[in-house]
Amino acid sequence: MLKYYNIAGTLLLLACMSLLGTSCQNRNQQVVNPWYSGHYHPKYVQFTLDNKKGKKVEMQIDHMRKRIYNTVPLPYGTKLDSAYLEVIMSNQLDAVLRNVSKETEKAFSSSDTGKINIEGGRLALIISRKDLPTLTYDIRIMSYGYDPDKLTWDERTSTAPTGVVEAKVVEHNSLHYYITRDAGGAGKLYQVDLTSTSFVAQEATLPVGLLPKTLYNDHRGNAWLLDEQGQLFSSADLKTWENKTPEGVRLTQILNDQELNPDKPTSLSAIGTPQNEGDTYYIYSGAVGSMKQHEAIPNGFPVRDAFVYNYIISGTQHSNILGGIQANGQPTELSFFTSDGVHWGKTPYRYSSSSVPDTGGLFIQRREGQQIMLVGGLYSKEGISNNIKISEDRGITWKSLEKSQLPGKEFTPRINIAGTSVVDANNVEHIYLIGGVLSGDRSTQEVWHGYLDTTGGIINSFEN
C-alpha cells in the first residue's frame, strides 16, 4: 500500500522557531526563507514482501548519496517478485517507482493501492518537484548471495594430541591454546596454530582433575577454571595456576564476570554449594576471595555442564544459560537469563529436551557473537549426535542444518569436541572442530576445518 503524509507545514514551522527564535523575520522585519526551502524528500520507506502481513523490510535512507537500502541483507535464496510499499514524503509529491532490472515504471499517488513489481531488487524512486530538479534515489533490496549457514568443510591431515577426553580452545594474548584432560584427570597445554593446525606442547602446571570446559576468561585477560573437586583456580598466562576457592564452598559452574571495568578486580558469578549442605545449590557472586552466597537456584536450573552465553547491552552484562545437568542428575529442559548475575528467570520459551544436548555439546559464538553454533553432544532420546544446529536468538530457538551443510559422512557422532570461530584478515570466517569422544568412549584425533565461502557477495549491493 502506498501512503503519503503532508508534513511540510509542520517542518517549516519547526525550522522557523529553531532558526529565529519565535519569529521568522530578520531585524528589518523582512520575511526570511528557511535554508531548506523547496527541500522535498522521502522520510520513510518500507517494503512488505509476499503479502500485507508478510516480512517487513525497513529501508535506510542516505540523503547525501541518494540511496535507499536494507542494512541487514535478506536470507540467502529470498525470492523478489512483488511487494507492498509504504513511503512517507516530506510533502505531497508526484513520484515514480522504476524497476531498473525489468525496465518498467509505476507512477503513484496517495490513492494508489496494490502490489509493486520488485523483481530483481534494483529500483529507483523518482520524485518530481515543481520548478525544481527531479530527485532520484537508487533503491537496492539486498540479500545474501551465499548461504551463511553452509560452510565448506575439509578434514585436516594433521592430528590432535592423543588420549584427550575433554578439551577447550581458548584465545589468550592473541594466541590460541588447546587445554586438555585425559581419562586420569591429568591436563596438558598446547599452543595451536589454527591455520596449519599444529600443536606445540607448553611447560605448564595445571590443576589435577581440571575441567577444561569450565574455563572462563574475565575482562582483565585472566583465566578461571574449576576442577572436579569444586575448587576455583586463576591464571594470567594459562601456565601457572593459583587456587582461589572461596572458603567452605564447592563450585560447579562459572557463570560470568559482572565487573566490566578492566581496572577493577574480578567479580565472578558462579553456582556452588556449601561443603556441609550436600545438594543445596546457590548463586555466589562478588570479588574473588569474598564471594557472597545469594538465593538458592531456581527449580530446573543446571548446576554443571551448561553453556553460558554472555552479551553486553548498554554497558551491562546479560547472560543466558542453556542445557546442562540439574542437581538431581537429570538434564534441564529450561533456559534461564539474568541481567545482574544473581537473579535468574526462565526465558519466555520452554524448549523440549531434544533442542540442546544434555551434555558434551560444543557451543561456538559466531559473527561477533550474534549467532550460536551447536555441534554434537549427548541427547536423551537420540544418543550421541553429529548434528549441527544454529540459533539466531541467543539460544532460545534452534534450527538443525541440512545434511548438505554438515562436514560429511566421515564426521561421525561425538561428544566433548573442542572448537572455535576465527575471522581472518580477508574477513572470511573459519570454524575449527578438534578431537572429541566417539561412541564407545574412544577419543579421536580428527581436526575439521570449515570456512564460509562469501564469493557470492551480497546481491544488489552498491559494489556490484
Side-chain angles (χ1 to χ4, degrees), residues 161 163-170 172 177-190 201-218 220-257 266-291 293 297 301-308 321 323-327 329 358-363 378 415-418 434-437 441 443:
V164 176
V165 297
E166 183 181 332
K168 186 169 185 176
V169 178
V170 295
H172 188 77
Y177 292 88
Y178 185 59
I179 186 168
T180 72
R181 167 193 167 111
D182 64 20
K188 289 185 178 180
L189 179 69
Y190 302 84
Q202 305 291 296
E203 290 290 336
T205 304
L206 301 176
V208 177
L210 79 164
L211 301 174
K213 289 204 171 182
T214 66
L215 193 148
Y216 175 79
N217 288 317
D218 67 19
R220 282 142 291 279
N222 297 315
W224 299 85
L225 181 72
L226 299 178
D227 70 2
E228 57 191 0
Q229 301 301 319
Q231 299 183 96
L232 175 67
F233 295 85
S234 174
S235 176
D237 60 5
L238 301 182
K239 299 176 182 180
T240 302
W241 295 81
E242 183 179 359
N243 195 321
K244 296 284 187 176
T245 309
E247 185 176 356
V249 177
R250 180 172 61 90
L251 299 177
T252 57
Q253 175 91 48
I254 299 173
L255 297 173
N256 56 36
D257 172 17
T266 301
S267 179
L268 286 184
S269 177
I271 304 170
T273 181
Q275 291 180 346
N276 58 355
E277 288 192 23
D279 292 331
T280 303
Y281 289 82
Y282 299 88
I283 301 293
Y284 289 83
S285 72
V288 177
S290 59
M291 298 175 70
Q293 177 182 301
I297 61 173
F301 202 85
V303 300
R304 62 179 176 85
D305 298 342
F307 171 71
V308 183
I321 188 166
I325 304 299
Q326 303 175 67
D358 305 344
T359 186
L362 169 64
F363 293 83
L378 174 64
I415 62 174
N416 290 346
I417 317 164
I434 303 174
V437 178
D441 296 330
S443 62

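Only this structure's heavy atoms are used, side chains among them; waters, hydrogens and symmetry mates stay out.
The distance from atom CD1 of I417 to atom CG of L362, rounded to the nearest 0.5 Å, is 6.0 Å. Residue K213 holds its NZ atom at 12.0 Å from CD of Q253, rounded to the nearest 0.5 Å. Between K244 atom NZ and F233 atom CZ the span is 12.0 Å, to the nearest 0.5 Å. Note that CG of L251 and CZ of R304 are 15.0 Å apart. Values are rounded to the nearest 0.5 Å.
In terms of the side-chain hydrogen bond (donor to acceptor under 3.5 Å, both in side chains) criterion, T214 has no residue partners (sequence neighbours excluded). Remark: D237 engages S235 in a side-chain hydrogen bond (donor to acceptor under 3.5 Å, both in side chains) (not counting sequence neighbours). Applying the side-chain hydrogen bond (donor to acceptor under 3.5 Å, both in side chains) criterion to Q293, with sequence neighbours excluded, gives Y284. Remark: Q326 engages N328, Q330, T332 in a side chain to side chain contact (heavy atoms under 4.5 Å, CB included) (not counting sequence neighbours). Residues satisfying the side chain to side chain contact (heavy atoms under 4.5 Å, CB included) test with S290, not counting sequence neighbours, are A287. Legend: residues meeting side-chain hydrogen bond (donor to acceptor under 3.5 Å, both in side chains) with N222, ordered by chain and number and at least two apart, are absent.
Looking only at side-chain heavy atoms (C-beta outward), I283 and S269 come within less than 4.5 Å of each other. Looking at T205 and W241, their side chains never come closer than 4.5 Å, going by heavy atoms from C-beta outward. No side-chain heavy atom of Y178 sits less than 4.5 Å from a side-chain heavy atom of L189. Using a 4.5 Å heavy-atom cutoff, the side chains of I179 and K188 are not in contact. Counting heavy atoms from C-beta outward, S234 and N243 have side chains that stay 4.5 Å or more apart. You'll find the side chain of S267 reaches within 4.5 Å of the side chain of D257, heavy atoms only. When side chains are defined from C-beta on, E166 counts as touching L211, because their heavy atoms get closer than 4.5 Å. Residues L225 and P207 form a side-chain contact, since some pair of their non-hydrogen atoms from C-beta on lies under 4.5 Å apart.
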Notebook entry, point to check: When you look at L226 and L232, which way does the side-chain contact (heavy atoms from CB on, under 4.5 Å) test go after all the steps?
Noted result: CA-CA 5 Å; L226 299 178; L232 175 67; 3.8 Å; yes
Check: Should T266 and D218 be marked as a side chain to side chain donor-acceptor pair (under 3.5 Å) after you check the CA-CA gap, both sets of side-chain angles, and the distance that decides it?
Finding: CA-CA 7 Å; T266 301; D218 67 19; 2.6 Å; yes
Next item on the list: Decide yes or no on side-chain contact (heavy atoms from CB on, under 4.5 Å) for R250 and Y281, but give the supporting numbers first.
Entry: CA-CA 10 Å; R250 180 172 61 90; Y281 289 82; 3.6 Å; yes
Margin query: Determine whether V165 and N416 satisfy the following criterion, side-chain contact (heavy atoms from CB on, under 4.5 Å), listing intermediate values before the conclusion.
Written below: CA-CA 7 Å; V165 297; N416 290 346; 5.6 Å; no
Checklist line | Derivation of the side-chain contact (heavy atoms from CB on, under 4.5 Å) call for N256 and Y216 | finding: CA-CA 8 Å; N256 56 36; Y216 175 79; 4.0 Å; yes
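Heavy-atom minimum distance, V308 versus L255: CG1-O, 3.2 Å. In plain terms, the two heavy atoms of G187 and L210 that are nearest each other are CA-CD2, 3.5 Å. The two residues H172 and A236 have their closest heavy-atom pair at NE2-O, 2.8 Å. Scanning all heavy atoms of the two residues, the minimum distance from I321 to I271 falls at CD1-CD1, 4.5 Å. In terms of heavy-atom proximity, K239 sits nearest to Q202 at NZ-OE1, 3.4 Å. The heavy-atom pair separating L215 from A223 by the smallest distance is CD2-CB, 4.3 Å.
Using a cutoff of 4.0 Å between basic side-chain nitrogens and carboxylate oxygens, E228 and R181 are scored as salt-bridged.
In this structure, the side chain of T180 does not engage the main chain of V164 through any donor-acceptor pair within 3.5 Å.
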